[in-house]
Participant: 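There's a structure below that I have some questions on.
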Amino acid sequence: MADSVHREILKTISVLMTTAFAFVAGSAWNEAIQALLNQFIQQGSAVSAMLIYAIVVTIIAVVVTVFIGRLVGKAGIDIEE
């Protein structure tokens, strides 16, 4: 019983740490993409810049998610939904 509790605690901590690192990486990409778009879009067009940014981030998220899903599938790992 104590062993299963210990494993569950370690699992939870590892998930929390992984999520925290993903959040930090996502934040870094957020700033990088915004800075990149700001170089190519005029300062007066904030709404169009935000729309382009949202589209770019969505496309990147979909491509990366599909890529990771395929890698995980090839490794034979079943992801719980």
Participant: Residues in side chain to side chain contact (heavy atoms under 4.5 Å, CB included) with Ile60, at least two apart?
Facilitator: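 Residues passing side chain to side chain contact (heavy atoms under 4.5 Å, CB included) with Ile60: Ile33, Val56, Val64.
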Participant: Tell me whether Phe23 shares a hydrophobic cluster with Val15, the cluster being built from Ile, Leu, Val, Met, Phe, Trp, Tyr side chains joined at under 4.5 Å.
Facilitator: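 In one cluster: no.
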Participant: Holding to side chain to side chain contact (heavy atoms under 4.5 Å, CB included), I want the full list of residues that pass it with Leu16, two or more places apart in sequence or in another chain.
Facilitator: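 Testing Leu16 for side chain to side chain contact (heavy atoms under 4.5 Å, CB included), a comparison that skips the adjacent residues, returns Thr12.
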Participant: Residues in side chain to side chain contact (heavy atoms under 4.5 Å, CB included) with Ile9, at least two apart?
Facilitator: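 Side chain to side chain contact (heavy atoms under 4.5 Å, CB included) check on Ile9 returns Val5, Ile13.
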Participant: Using the rule that Ile, Leu, Val, Met, Phe, Trp and Tyr join whenever any side-chain heavy atoms are under 4.5 Å apart, tell me whether Ile59 and Leu51 fall into a single cluster.
Facilitator: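 Yes, it is one cluster - the side chains of Ile59 and Leu51 are joined through contacts under 4.5 Å.
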